[in-house]
K.L.:
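Got a structure for you, written out below as structure tokens; questions coming shortly.
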Amino acid sequence: MPELPEVEVVRAGVEPAVTGAVIAGVEVFEERSLRRHDPALGPFTEMLQGHRVLAAVRRGKFLWLPLDTGRALVVHLGMSGQVLLRSPGTDADRQLRIRLALDHPDHGELWLNFVDQRIFGSMAVDAMQPTRDGLPAGFSGRASGPWSGLIPSQVAHIARDPLDPGFSTPLFLAALARKKTGIKRALLDQTLISGIGNIYADEALFAARLHYEQPADSLSPAKARALLAAVRSILNRALAEGGTSFDAQYVNVNGQSGYFAHSLSAYGRQGSPCPRCATPLVRRQFMNRSSHLCPRCQRLR
DNA sequence: ACGCTCACCTGATAGC
DNA sequence: TGCTATCAGGTGAGCG
């Protein structure tokens, strides 16, 4: 799924089901889905079994569920991960990697299925540490608690995302001005700004009329601000439409697709006319993936 | 210290 | 039908 809007759809979807629930059972069908779990902290299953979930928090594309043990269950969807809520006894989803049986005081029993075709995603139990700036670690709806100011260790190096109230625009602009690389690489660098992936990077660069290889340190402060505004606008619009889905691979916790794919201007539209100038959009290979752009509106300067 | 390449995976689809 | 090549929304280890 998974750029910021899609992960937020998952977070918001699981929040009411997991908050306050006890993890009654854990089944791991694919050990490779625990790649990010450090066994030195303890066995994955034992660190979850019998413990209560306190909230659902997200920073960028990382999601975590703080536990009453002081640790958190970290979930990353990778390229193809999904979190699906199912009634107990439901037939196993295709590519089901991990299943948590939840027991909620109000809603009863529920299965949380972690499904992942490519196994680039993962679940892990991780220790928590205070945030550097003392602000809430990520977005958790309206909920807050002692866990608010704590971030899983393996997420601590990830920058705040541009929808986070704690995101510092001056710090981001300064970091961008120091980057000796192309602007798309910088947008995809989760230690500079998080939550942006290949789709929304291409969309934001299209909106800001920037070529993906434009040196990051060549943008004027005004241009950099305009790009950041474009990023925020696109992420917010995608969020409002429930995220981007091209097929059944990308669905919310109830198995439904988002609609933002209908609103894409550049991504996946090679050969179609540019919405601004009607020049055919092109696709180029970049960083072992594709970049979509208008060769006329988005020239290298 | 930083920028960049590549490995990590499965499955759908297109072309021969 | 069946083979091969290509493509897919992410991350971070390790190299120079």
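First the proteins, then the strands, lettered A, B, ... as listed; each starts at 1. Since the structure is predicted, the reported quantities are computational estimates derived from the model, not experimental observations. All values below were derived from every heavy atom in this structure, side-chain atoms included, with hydrogens, water molecules and symmetry-related copies excluded.
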K.L.:
Do Asp126(A) and Arg36(A) meet the salt-bridge criterion of a basic N to acidic O distance under 4.0 Å?
P.N.:
no

K.L.:
So does His76(A) get a side-chain nitrogen or oxygen closer than 4.0 Å to the phosphate oxygens (OP1/OP2) of dT11(C)?
P.N.:
yes

K.L.:
Scan residues 284-295 of chain A against DNA chain C and write down, sorted by residue number, each residue with any heavy atom closer than 4.0 Å; if none is found, say none.
P.N.:
Arg289(A), Ser290(A)

K.L.:
Are the side chain of Gln49(A) and the backbone N or O of Ala24(A) linked by a donor-acceptor pair below 3.5 Å?
P.N.:
yes

K.L.:
Are Arg160(A) and Asp133(A) ion-paired here, with the side-chain N under 4.0 Å from a carboxylate O?
P.N.:
yes

K.L.:
Taking the six-membered ring of Trp111(A), is the NZ or CZ of Arg86(A) close enough (under 6.0 Å from the centre) and on axis enough (within 45°)?
P.N.:
no

K.L.:
Let me spell it out: for each of Arg97(A) and Lys179(A), pick the nucleotide of DNA chain B with the closest heavy atom. Which residue's pick is nearer the 5' end?
P.N.:
Lys179(A)

K.L.:
Between P on dG10(C) and CG on Asp116(A), what's the gap in Å once rounded to a whole number?
P.N.:
13 Å

K.L.:
Looking at dG12(C), I'd like to know if its phosphate oxygens (OP1 or OP2) sit under 4.0 Å from a side-chain N or O belonging to His157(A).
P.N.:
yes

K.L.:
Can you establish whether the number of heavy atoms outside Asp91(A) located under 6.0 Å from its atom CG is more than 12?
P.N.:
no

K.L.:
Kindly state which residues belonging to residues 192-220 of chain A come within less than 4.0 angstrom of DNA chain C, counting heavy atoms of the residue only, listed by number.
P.N.:
Gly197(A), Asn198(A), Ile199(A)

K.L.:
Arg11(A) side chain to Ala56(A) main-chain N or O, any donor-acceptor pair under 3.5 Å?
P.N.:
yes

K.L.:
When you measure from every atom of DNA chain B, which of residues 29-44 of chain A have a heavy atom less than 4.0 Å away?
P.N.:
Arg32(A), Arg35(A)

K.L.:
According to salt bridge (Lys or Arg N to Asp or Glu O under 4.0 Å), who are the partners of Arg32(A), at least two apart in sequence or on a separate chain?
P.N.:
Glu30(A)

K.L.:
Quick one: does Lys184(A)'s side chain have a donor or acceptor within less than 3.5 Å of a partner on Met287(A)'s backbone?
P.N.:
no

K.L.:
Measure from CD on Glu6(A) to C1' on dG9(C) and round the result to the nearest Å.
P.N.:
7 Å

K.L.:
For DNA chain B, note the earliest and the latest nucleotide, 5' to 3', having some atom under 4.0 Å of a heavy atom belonging to chain A.
P.N.:
dG3(B) to dA12(B)

K.L.:
Dot-bracket for DNA chain B, please, read 5' to 3', with Watson-Crick or G-U wobble pairs under 3.5 Å on both distances, ( ) within the strand, [ ] crossing, | other strand, . unpaired.
P.N.:
.|||||||.|||||||

K.L.:
In terms of side-chain geometry, is the basic nitrogen of Lys180(A) or Asp217(A) positioned less than 4.0 Å from the acidic oxygen of its partner?
P.N.:
yes

K.L.:
Starting from C1' on dT11(C), measure out to CG on Asp189(A) and report it in whole angstrom.
P.N.:
11 Å

